[in-house]
Structures are given as C-alpha cells and as structure tokens.
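Data first, discussion second: the structure below is written as structure tokens.
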Protein chains: 2
Amino acid sequence: MENSSNNRRNFIKKAVMGGFMAVSIPEILSASMVPSAMRKNSLTKDNIILFQGDSITDSGRNRDDNSFNNAGALGSGYPMLAGAALIEKYASLNLKVYNKGVSGNKVYQLAERWDSDCLDIKPDILSILIGVNDIWHKLNGQYNGTVEIYRHDYIALLERTKKALPNVKLIICEPFAVPGVKAVDDKWYPEFYGYQKAAMEIAAQFKATFIPYQRIYNEAITRAPGVYWTGDGVHPTLAGAQLMAQAWVEAVKA
Amino acid sequence: MENSSNNRRNFIKKAVMGGFMAVSIPEILSASMVPSAMRKNSLTKDNIILFQGDSITDSGRNRDDNSFNNAGALGSGYPMLAGAALIEKYASLNLKVYNKGVSGNKVYQLAERWDSDCLDIKPDILSILIGVNDIWHKLNGQYNGTVEIYRHDYIALLERTKKALPNVKLIICEPFAVPGVKAVDDKWYPEFYGYQKAAMEIAAQFKATFIPYQRIYNEAITRAPGVYWTGDGVHPTLAGAQLMAQAWVEAVKA
C-alpha cells in the first residue's frame with residue numbers, strides 16, 4: 001500500500017506537469033496560441049468584444065449595468081483587466097468591451113441566455129471561458145454532466161453563434177484548475193483533462209483562438225505558490241486575473 | 001473684442017500644448033521620469049507599496065477593507081491596475097500593495113490621517129497624487145488655498161514622512177486635468193500650472209520619482225478625445241486609469 005502523502009505529491013506533480021515543459025510565458029503564449037489557434041485576431045474600428053463564461057468571467061460585475069468599458073460593468077477580474085489594456089492600447093479604434101459572464105454557469109446555462117447575452121450584442125470578437133462548473137458541480141452532486149455533454153452542448157452553442165453571426169471571431173479559453181489548492185483535489189483528475197481536451201478540440205474545429213490557461217497557470221506556480229494565483233484553486237486572485245488578461249490581450253492585434 | 005470661441009480654442013490649444021512636443025509615450029516616460037526623477041525605484045522581497053491621494057486614487061475602494069492586493073481594497077482605478085500588473089510581474093517578490101486614497105482630499109487632509117493611513121503601514125514605496133482639489137475646491141468656493149499653501153503643506157508632509165520612514169522611496173505624481181472637458185474650464189489656468197510646477201519641484205527636492213501625468217494625458221488626447229480618458233476632466237475613465245497604471249509601473253524595477 002502506497003503512502004498517501006506520496007500519492008498526493010505525485011498527483012500534484014503529475015497534474016501540474018502534464019505535458020508541460022519549463023519555458024517562459026512569452027514562449028508558452030507564442031507556442032501554444034499559434035498551432036491550435038491559427039493567428040491573432042485583427043481588431044478594427046468600432047469592434048465589439050464580449051467576454052462570456054461563469055464566475056471567473058463574471059468576477060462580481062454589476063449585472064444591472066449594461067454598459068461597456070467601465071469597471072462596474074466589467075467586474076474585477078480578467079475581462080476588466082484585459083478590457084482596460086485593450087481600450088488604452090487601441091484607443092483610436094473606439095472598442096466596446098462587454099462582460100456577460102454569470103457565476104455558476106455551465107454550457108447549457110450559457111445557451112439559455114444566449115440570445116440576450118450574446119447574439120443581441122453582436123460581438124465582433126467573442127471570448128468564452130466555460131467548463132469548470134461542468135465538473136465541479138458534478139463532484140458536488142449538483143449536476144449530472146459528462147465530458148460528452150460538455151462537448152455536445154459547446155459545439156451546439158458555437159454552431160448557433162456562427163449561424164447568427166457568421167463573421168464573429170471566436171476565442172476559446174481553456175478551463176483550468178490549480179491542483180492541491182483548496183477545492184481542487186484528486187477527484188478532479190483525470191476527468192478534468194477530458195474537459196480541457198474537449199475545449200482545445202472544439203477551438204480547432206471552429207478555427208478559434210485557443211488560450212491555454214492551464215499551461216499559463218502551470219508556469220505561474222513556478223514563480224509563486226498556487227494560492228497566490230487562486231484562492232480556492234478555481235477563482236483567480238487579482239494576480240491570477242492579471243495573468244489571464246495579459247494572455248488574452250496577446251490573442252488580438254490591431 | 002476677441003471672438004469667444006476663438007478664445008476657447010486658443011485656451012485649449014495653449015493648455016494642452018504647453019511645453020509639449022508630439023512624441024510617443026515611451027519617449028515621454030523615459031525622457032520625463034529620468035531628469036526630475038533620477039531613476040526607477042528598486043523593488044525587493046516583501047516590499048510594501050502604498051498609494052495615497054484623493055478621489056482619483058480612492059477610485060471607489062472599500063474603505064472598510066484594510067487588506068492588500070485585491071480589487072475590493074484597491075478600488076477600480078490606477079492603483080488597482082498598477083497593483084495587478086506589479087503583483088503579476090514581480091510574483092516572486094511577494095509585494096503588498098495598499099491603497100489609502102480618500103475622495104476630496106487636499107494636502108492638509110492627508111496630513112490629518114497620515115499616522116494611520118501611511119506611517120503605520122510602513123511603506124517601502126510611497127506614491128502620492130494630490131493637488132487637483134486644492135484648486136478645484138477653491139474655484140468651487142469650498143476652500144481658500146493657494147499654490148504656496150499647497151507647497152508648504154506638501155513639503156511638511158514629506159519631511160514628516162522621511163523623519164518617520166528614512167528609507168522610504170517616494171513617487172510624486174503630477175496633478176493633471178484635461179482642459180475643455182466638463183469641470184475643467186479656463187478659470188483653472190494659469191493657476192493650475194503653479195500646482196503642477198510645485199509638485200515637480202517638490203519631487204526634485206525630495207529626490208522622488210516624478211510621474212508627469214499631464215504630459216501623459218496630453219499625448220493620450222492625440223489618440224482619442226479627452227472624454228475617452230476622463231469623464232469630467234479630472235477623474236479617469238478605465239482607459240485613463242490604465243494609462244496612469246502603465247506609467248506608474250515604469251517607475252519601478254526589480
């Protein structure tokens with residue numbers, strides 16, 4: 001019988017290192033966004049950028065505020081930090097940055113509010129980060145999902161989106177977790193890898209830019225402990241949100 | 001008798017261009033922070049960074065939250081955006097970033113709360129942005145200040161600070177306004193230039209880094225209209241706050 005603390009160490013090591021080589025953030029970004037991702041998305045004048053997802057995207061935004069480009073409407077997470085960077089860097093483009101993430105959402109819940117919270121906004125660039133609740137709520141006993149349901153629902157959502165908005169540019173963000181921090185224990189694995197793989201394959205299928213957030217967090221925890229980047233293994237701290245925002249900004253260009 | 005619309009145009013042109021040549025932001029930053037500023041401030045492990053000032057610094061922070069490195073305690077302005085960038089970039093240094101700006105403050109009001117809101121925190125790097133209310137509240141009839149009172153009070157505050165914290169590194173931020181936007185009319189000038197000159201001279205006297213925010217805003221309004229960067233001429237939008245945060249981050253190095 002193996003020692004359980006050894007098991008835990010091995011689990012963390014394996015989960016963190018899975019496929020990951022020690023390289024710098026710029027190397028990670030340039031290497032990983034290009035292959036599955038094709039290219040940076042070109043921004044043009046008056047473009048509308050929409051962030052969609054769950055609590056990580058929601059990040060305490062004021063849901064009664066339907067405006068754009070301000071901290072109240074954008075929350076205090078990566079959409080606000082990326083939005084701030086974008087509207088400063090590309091000031092002459094007059095971008096409009098919206099956030100419609102809703103805490104607790106799984107893919108089918110995005111679908112339920114997709115007309116008003118996505119299609120009606122007519123984004124030119126649509127960013128989606130979804131998946132962590134699909135497994136987390138299952139582990140909590142609140143939801144009966146599988147990777148196949150996630151994949152099926154996600155593809156249906158994107159097909160519906162491309163039909164309504166044929167020219168929309170898609171950015172698919174990899175769902176991520178930091179193993180060993182609070183909520184994220186070994187019950188997540190290997191199943192969670194399936195969700196991450198599905199997200200990457202869906203990005204390829206839809207020629208979307210794929211942002212490899214798991215690899216970005218894996219690199220980050222070589223610089224500071226996991227709790228520095230996420231308090232519970234899932235929700236980013238301000239430092240984690242900045243990490244994500246920087247990677248996101250690299251997915252577009254003027 | 002001159003045409004009043006011509007007067008206004010001339011005023012705006014003069015106010016905006018005063019001493020300003022069309023150069024890029026990196027040129028502005030490198031050229032202007034070095035002379036009055038000496039150098040970038042070195043950050044070391046476990047450093048405490050404190051942002052102090054008025055509403056521009058306060059930026060809606062939760063004043064009951066005495067913690068650091070999170071959006072609630074840091075607000076939604078340049079201290080939060082600079083803080084996010086700093087704690088991501090220098091993750092291994094374990095920085096603590098605080099914001100204790102209070103809306104409406106003039107220099108003497110910083111002095112009134114300086115023990116608890118600065119000296120007790122023992123910052124390694126202290127950033128101060130103050131001055132716009134010293135003139136604004138005077139124009140409103142709420143305050144009887146002058147440039148000389150501002151200069152005298154500011155010097156006294158910094159002498160007190162250096163006495164209590166001899167090794168503190170000071171960053172003095174230039175008070176700024178965007179002429180022609182809402183609150184900022186020709187009654188501000190030329191008096192407001194006196195406050196800006198005083199801030200720069202005080203920075204030199206105390207060997208502080210000086211961040212030339214007026215020049216940074218002057219450059220920004222060549223990229224997008226004044227209201228894009230500040231809604232009322234004084235308070236930054238999210239884009240304006242990002243502009244300020246980026247400049248601030250340039251004032252330190254590892």
Side-chain angles (χ1 to χ4, degrees), chain A residues 25 45-46 59-62 65 67-97 99 216-217 219-231 235-247 249 254, chain B residues 25 45-46 59-62 65 67-97 99 216-217 219-231 235-247 249 254:
Chain A
I25 266 224
K45 188 108 172 102
D46 301 322
S59 57
R61 72 184 176 92
N62 174 4
D65 186 339
S67 70
F68 51 86
N69 295 9
N70 74 76
L74 291 174
S76 60
Y78 78 94
M80 179 274 296
L81 294 169
L86 293 167
I87 61 178
E88 190 285 318
K89 185 172 182 180
Y90 303 111
S92 63
L93 293 185
N94 196 40
L95 304 174
K96 290 184 175 64
V97 182
N99 178 7
I216 289 166
Y217 273 91
E219 186 275 346
I221 63 173
T222 66
R223 296 193 287 138
V227 292
Y228 187 86
W229 305 104
T230 160
H235 294 97
T237 58
L238 186 62
Q242 176 71 7
L243 193 70
M244 296 175 67
Q246 285 186 323
V249 169
Chain B
I25 266 224
K45 189 112 172 98
D46 302 322
S59 57
R61 71 183 177 92
N62 175 3
D65 185 340
S67 70
F68 51 87
N69 294 9
N70 73 77
L74 290 173
S76 60
Y78 78 95
M80 179 274 296
L81 293 169
L86 292 167
I87 61 179
E88 190 286 317
K89 185 172 183 181
Y90 303 110
S92 63
L93 293 184
N94 196 39
L95 303 174
K96 289 185 175 65
V97 182
N99 178 7
I216 289 164
Y217 273 91
E219 187 275 345
I221 63 172
T222 67
R223 296 194 287 137
V227 291
Y228 187 87
W229 306 104
T230 161
H235 294 97
T237 58
L238 186 61
Q242 176 71 8
L243 193 70
M244 296 174 68
Q246 285 187 324
V249 169

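Quick caveat, the model's predicted, so the values are computed rather than measured. Every chain is numbered from 1, with letters handed out A, B, ... down the list of sequences.
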**OP:** Compare every heavy atom of B:A84 with every heavy atom of A:L81, then report the nearest pair and how far apart it is.
**Re:** CD2-CB, 4.0 Å

Subject >> Shortest non-hydrogen contact between A:I87 and B:W229, atoms and distance >> reply: O-CH2, 4.4 Å

**OP:** Flag the one option from B:A91, B:A239, B:A241, B:S76 with the top tally of heavy-atom pairs under 4.5 Å to chain A.
**Re:** B:A91

Subject >> Distance, nearest 0.5 Å, that separates OH of B:Y90 from CZ of A:R223 >> reply: 11.5 Å

Original post:
What closest approach, in Å, do A:L238 and B:N69 show between heavy atoms, and which atom pair accounts for it?
Top reply: CB-O, 3.6 Å

Original post:
Of the backbone (N, CA, C, O) and the side chain (C-beta and beyond), which part of A:S92 lies under 4.5 Å from a heavy atom of chain B, both, or neither?
Top reply: both

Original post:
Which answer fits B:L74, side chain, backbone, both or neither, if we ask what part of it has an atom under 4.5 Å from a heavy atom of chain A?
Top reply: side chain

